[in-house]
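Whatever order the structure lists them in is the order used to number ligands and atoms, beginning at 1. As the structure is a prediction and not an experimental result, all values here were calculated from the model.
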Amino acid sequence: MNAPEPALTASRIVHGACPHDCPDTCALKITVENERVVKVQGRAEHPSTHGALCTKVSRYAERTYHPERLLQPLRRTSAKHEAPRFEPVSWDEALGDIARRLQAIAARDPQAIQPYSYAGTMGLIQGESIAARFFNTLGAARLDRTICASAGAEALNATYGSRVGMHLRFFAESRLILIWGSNSIASNLHFWTYANQAKRNGAKLICIDPRKTETADKCHQHIALLPGTDGALALGLMHELIVNGWLDQDYLDRHVDAWPEMRERALQWPPARAAEVCGITEQAVRELAREYGTTAPAAIRLNYGMQRVHGGGNAVRLIALLPCLVGAWRHRAGGLLLSASGWAARVKNPQALERPDLLAGRQPRTVNMSAIGEALLREASPEFGPRIEALIVYNSNPVAVAPDTGQVLRGFQRPDLFTVVLEHFMTDTADLADYVLPATTQLEHLDVHTSYGHTDVLRNDPAIAPLGQAKPNTQIFRELARHMGLDDPCLQESDEALAAQAFTAAIDPELLKSQGFVSLDLPEAPFADGGWPTPSGKVQCRSPLYGLPDHVPNRESRLSSPALAARYPLAMISPPARNFLNSSFVNVKSLRDIEGEPLVEMHASDAAARGLEHGRMVRIFNERGSLQCRLHVSERARPGVVNGLGVWWRKLSPGGENVNAVTQQGLTDIGGGATFYDCLVEVAGA
Ligand SMILES: Nc1nc2c(c(=O)[nH]1)N[C@H]1C(S)=C(S)[C@@H](COP(=O)(O)OP(=O)(O)OC[C@H]3O[C@@H](n4cnc5c(=O)[nH]c(N)nc54)[C@H](O)[C@@H]3O)O[C@H]1N2
Ligand SMILES: Nc1nc2c(c(=O)[nH]1)N[C@H]1C(S)=C(S)[C@@H](COP(=O)(O)OP(=O)(O)OC[C@H]3O[C@@H](n4cnc5c(=O)[nH]c(N)nc54)[C@H](O)[C@@H]3O)O[C@H]1N2
Ligand code: SF4
Ligand SMILES: [Mo]
């Protein structure tokens, strides 16, 4: 056991975890030779990774050793509205100057300092640990991290009491799987492996998605509804389940609150009404209800794609009720999975990692990240407080990924805004920084992870030393705290010490270290006999906060805003491209080569109506902005809807703009989420 490796190979294997914002959270096997990572593979021993990674992360070494990696701190030498120019500076000089600038602002009002971070890494240590402690010590503004999932998450909380659902592996045993608002082959590959197993065993797979995705190609059936109409479809299905007597009345009676009221509402949604709103046939609604009402076990893989619209929260609440109506939860292979993060929350210890107690009674304002453009442009006022004077960005690329680029840019270009960006690369956001600080990648730092798609906890050991002068986020915030004279010892704790505080006693740290992952001990069919984590123990049709769910239409659609639709008649969705992860990997050439160039998919009838032919450059536009890309006349688009695949770097796009030039900053009905797919546009020749 543990015999030293023969010296001549100088080769070793390190256990890692994929850091990306992906439900799969794969376990990595990293091969290091002569202190260089030569291979990144999936661990065969990890149940859901089963030895295979997606194309992107198989190329992770290419990303880490990329010739354009940021390896030293940089200071801006051009004005914000000019082409970006930077000069290298020492860490001491950079941190000394940043500390002085932040101290001056904090002396006036620390709330004028705004952190902005998301899921560039999902790691608990390189995410919100020392960073959160640092901002809490200062009393800086808080950030509502809503850009991806908050509508759906809040909907699950309101309905189930937490973000809980089926276990990933049991989808393999389902007889019917609805893949709803998810391009699983692209964005949730390891779920697809289980779904495919079910398919081989004779299960029926139905995809519900405005776009005919590569996943829809592999399903038995595809229902191409209009964006933002999922709530209406769920209500139509409920209507049919009721009138045809396909209900598990015993489950409803014992484990669901306020069903009689919900039943009355659903009865107002005959299939014809639902079909009209969804832009599909009445027959499609009836047949889907029949499949769902008469097949057991039936499972739903819901994903966040469908909640990026005004009514996203209500839609998730309605869909989350469906498995309760038919008693699907009685089977381990029945029910629904949107997020498993509520299971992980039971073993996490954010109080210890983030130390909200350091606020010491202060209640700084909270800024919603999905409307960062608006926030950066707001003047000081009694309701808002001070103008945002400093922005510290880490683990995110808001100038590319946040909605309504026009406003976001105007905000970032404010000459009086002091911006610091911690990054691997010169992203669109780094281009607008005053200081750019080089951060380490997952191969160079320690971290621990939970998952929102499965129920394992993972550890990521550093495989190599930091490249160049790069430092882990934690180290950057430790050193910044020292430069600012913040002397609480908790701001200096090591990554290993932080890892030891990340979880409750339910996770054995030694086991996690030696094995690289630990699976949570959970029942196979957690809600077979109720026991929902709500106050009543029952699923809530009616929420004390939000009442009964209903279909909430898009802000921008033919039915809800006809005047706007007359000028901008096409609904645009901008789902992820398979070979990028949000805006990450766009600068990795081998992956960019697979994606080719920014494109928009349009149905032949819409192209013909505009005299546009396949392959030409077009302009997508609305009142917020415009972008250029290549037109694909394609069966992947349904009439009335165009698909602009995201999220390209602006500066790597033909006209210097990406899909977010046209998306809006309006928020979802509940949860304050972003509404990227609630967006009317027109398309014309460029
Ligand atoms: N390869 C790859 N994988 C990723 C990502 C990536 O960028 N690339 N992103 C990661 C992230 S951040 C997340 S949050 C997760 C989940 O990521 P999601 O954004 O949920 O990703 P998708 O699975 O592509 O799901 C979006 C699907 O929803 C569809 N859709 C859009 N609007 C609607 C609608 O109104 N109704 C319905 N029913 N469907 C709609 C889109 O056409 C698309 O196929 O995936 C992660 N995995
Ligand atoms: N139009 C449109 N816009 C979208 C979406 C869409 O579907 N359509 N999807 C939305 C969704 S679901 C999400 S989740 C957001 C995602 O938005 P972001 O969370 O901003 O994700 P990324 O674009 O991947 O950018 C993450 C950045 O973090 C950096 N990074 C990674 N690891 C580290 C680290 O350890 N330290 C530091 N300092 N930096 C690191 C990466 O280099 C990368 O530039 O985008 C949203 N934007
Ligand atoms: S991006 Fe997703 S599928 Fe790819 S390696 Fe990471 S966790 Fe696995
Ligand atoms: Mo996301």
Relative to atom 39 (N) of ligand 2, which among Asn587, Ile476, Thr663, Asn395 owns the nearest non-hydrogen atom?
Asn395

So is Val647 polar-close to ligand 2, meaning N/O to N/O under 3.5 Å?
no

If you measure from each heavy atom of Ala119 to ligand 2, is any distance below 4.0 Å?
yes

The option among Gly453, Ser187, Ser182 carrying the non-hydrogen atom nearest to atom 47 (N) of ligand 1 is Ser187

For ligand 2, which atoms have a heavy atom of Ser583 less than 4.0 angstrom away?
22 (P), 23 (O), 24 (O), 25 (O)

Is it the side chain, the backbone, both or neither of Asn658 that has a heavy atom closer than 4.0 Å to ligand 2?
neither

Residue, atom name and distance, where the atom is the protein heavy atom closest to atom 13 (C) of ligand 1:
Tyr452 OH, 3.5 Å

Any idea which of Phe676, Trp648, Tyr677 brings a heavy atom closest to atom 7 (O) of ligand 2?
Tyr677

Between Arg301 and Asn188: side-chain donor-acceptor atoms closer than 3.5 Å:
yes

Are Glu597 and Arg592 ion-paired here, with the side-chain N under 4.0 Å from a carboxylate O?
no

Ligand-residue contact atoms, ligand 1 with Arg211, heavy atoms, under 4.0 Å:
42 (O)

Any N/O pair Asn183/ligand 1 closer than 3.5 Å:
yes

What part of Thr440, side chain from CB on, backbone N/CA/C/O, both or neither, has a heavy atom under 4.0 Å from ligand 2?
backbone

Structural part of Arg145 in contact with ligand 2, heavy atom criterion under 4.0 angstrom
neither

Does one side chain, of Thr440 or His445, offer a donor that lies under 3.5 Å from an acceptor on the other?
yes

Looking only at the side chains, is there a donor atom on one of Trp649 and Asn587 sitting less than 3.5 Å from an acceptor on the other?
no

Numbering as shown, the atoms of ligand 1 that approach Gly305 to under 4.0 Å (heavy-atom distance)
18 (P), 20 (O), 25 (O), 26 (C), 28 (O), 31 (C), 32 (N), 33 (C)

How far is atom 35 (O) of ligand 1 from its nearest protein heavy atom, and which residue and atom is that?
Gly228 N, 2.8 Å

State whether Arg638 and Asp209 are salt-bridged, where the test is any N-O pair (Lys NZ or Arg NE/NH1/NH2 against Asp/Glu carboxylate O) under 4.0 Å.
no

For atom 38 (N) of ligand 2, which candidate among Asn473, Asp428, Val586 holds the nearest heavy atom?
Asn473

Using heavy atoms and a threshold below 4.0 Å, how should the contact between Ile573 and ligand 1 be classified: side chain, backbone, both, or neither?
side chain

Enumerated ligand 2 atoms positioned under 4.0 Å from heavy atoms of Tyr118
14 (S), 19 (O)

Ligand-side contact atoms (ligand 1) for residue partner Tyr304, heavy atom cut-off under 4.0 Å:
20 (O)

Tell me whether Gln442 reaches ligand 2 (any heavy atom closer than 4.0 angstrom to a ligand atom).
no

Go through ligand 1 atom by atom and flag the ones less than 4.0 Å from a non-hydrogen atom of Phe580.
1 (N), 2 (C), 6 (C), 7 (O), 8 (N)

Take the angle between the ring planes of His20 and Phe585 and call it parallel below 30°, perpendicular above 60°, tilted in between.
tilted

Within the 3.5 Å criterion, strictly below it, is a donor on Glu595 or Asn579 matched to an acceptor on the partner's side chain?
yes

Looking only at protein heavy atoms, what sits closest to atom 24 (O) of ligand 2 is Ser584 OG, 2.7 Å

Lys56 neighbourhood, listing ligand 1 atoms whose heavy-atom distance to it stays under 4.0 Å:
1 (N), 2 (C)

Is any NZ, NE, NH1 or NH2 atom of the basic residue among Arg624 and Glu556 found under 4.0 Å from an Asp or Glu carboxylate oxygen of the other?
yes

Do Tyr394 and Tyr116 have ring centroids that are under 6.0 Å from one another?
no

Closest to atom 18 (P) of ligand 2 among protein heavy atoms sits Ser396 OG, 3.8 Å

Please determine whether a side-chain nitrogen of the Lys or Arg among Arg317 and Asp669 lies less than 4.0 Å from a carboxylate oxygen of the Asp or Glu.
no

Just heavy atoms, cut-off under 4.0 Å: does Leu225 contact ligand 1 by side chain, backbone, both, or neither?
side chain

Passes side-chain hydrogen bond (donor to acceptor under 3.5 Å, both in side chains), Thr146 versus Asn368? Steps please.
CA-CA 7 Å; Thr146 55; Asn368 187 325; 2.5 Å; yes

Nearest non-hydrogen protein atom, atom 40 (C) of ligand 1
Pro210 CD, 3.3 Å

What's the shortest distance from atom 11 (C) of ligand 1 to any protein heavy atom, and which residue and atom give it?
Asp21 O, 3.2 Å

For atom 26 (C) of ligand 2, which candidate among Gly123, Gly120, Ala577 holds the nearest heavy atom?
Gly120

Before accepting this row, confirm whether a basic side-chain N of the pair Asp678/Arg308 lies closer than 4.0 Å to the acidic partner's carboxylate O.
no

Give the single entry among Met572, His20, Glu423 that approaches atom 44 (O) of ligand 2 most closely by any heavy atom.
Glu423

For Ala439, counting its heavy atoms only, list the atoms of ligand 2 lying under 4.0 Å from any of them.
36 (N), 37 (C), 38 (N)

Quick one: look up the protein heavy atom nearest atom 30 (N) of ligand 2 and list residue, atom name and how far away it is.
His424 CE1, 3.7 Å

Quick one: look up the protein heavy atom nearest atom 34 (C) of ligand 1 and list residue, atom name and how far away it is.
Asp230 OD1, 3.5 Å

Please list, in number order, the atoms of ligand 1 under 4.0 Å from a heavy atom of Trp180.
38 (N)

Side chain or backbone of Thr213 under 4.0 Å from ligand 1, or both, or neither, by non-hydrogen atoms?
side chain

Val401 and ligand 2 - part of the residue with a heavy-atom distance under 4.0 Å
both

Under 3.5 Å, is there a donor-acceptor pair between the Thr429 and Glu423 side chains?
no

How are the rings of Tyr568 and Phe621 set to each other: parallel, tilted or perpendicular (split at 30° and 60°)?
perpendicular

Give a yes-or-no answer on whether the side chains of Asp404 and Gln664 include a donor-acceptor pair shorter than 3.5 Å.
no

Within less than 4.0 angstrom of ligand 2, does Glu444 place any heavy atom?
no

How far is atom 15 (C) of ligand 2 from its nearest protein heavy atom, and which residue and atom name does that atom have?
Ile147 CG2, 3.9 Å

Identity and distance of the protein heavy atom lying nearest atom 41 (C) of ligand 2:
Arg63 NH2, 3.4 Å

Determine, for Glu214 against Arg211, whether the closest basic-nitrogen to carboxylate-oxygen distance falls under 4.0 angstrom.
yes

Backbone, side chain, both or neither: what part of His445 comes under 4.0 angstrom of ligand 2, heavy atoms only?
side chain

Any atoms of ligand 2 less than 4.0 Å from a non-hydrogen atom of Leu581? List them with their elements.
24 (O)

Considering only the protein, which heavy-atom contact is closest to atom 6 (C) of ligand 1, and what is its distance?
Pro576 CB, 3.2 Å

Give the residue, atom name and distance (to 0.1 Å) of the protein heavy atom nearest atom 12 (S) of ligand 1.
Asn582 ND2, 3.1 Å

Enumerate the atoms of ligand 1 whose separation from the nearest heavy atom of Arg308 is less than 4.0 angstrom.
14 (S), 18 (P), 19 (O)

By number and element, which atoms of ligand 1 are closer than 4.0 Å to a non-hydrogen atom of Arg578?
1 (N)

Suppose we measure from atom 14 (S) of ligand 1 to each protein heavy atom; which comes out shortest, and what is that distance?
Cys148 SG, 3.0 Å

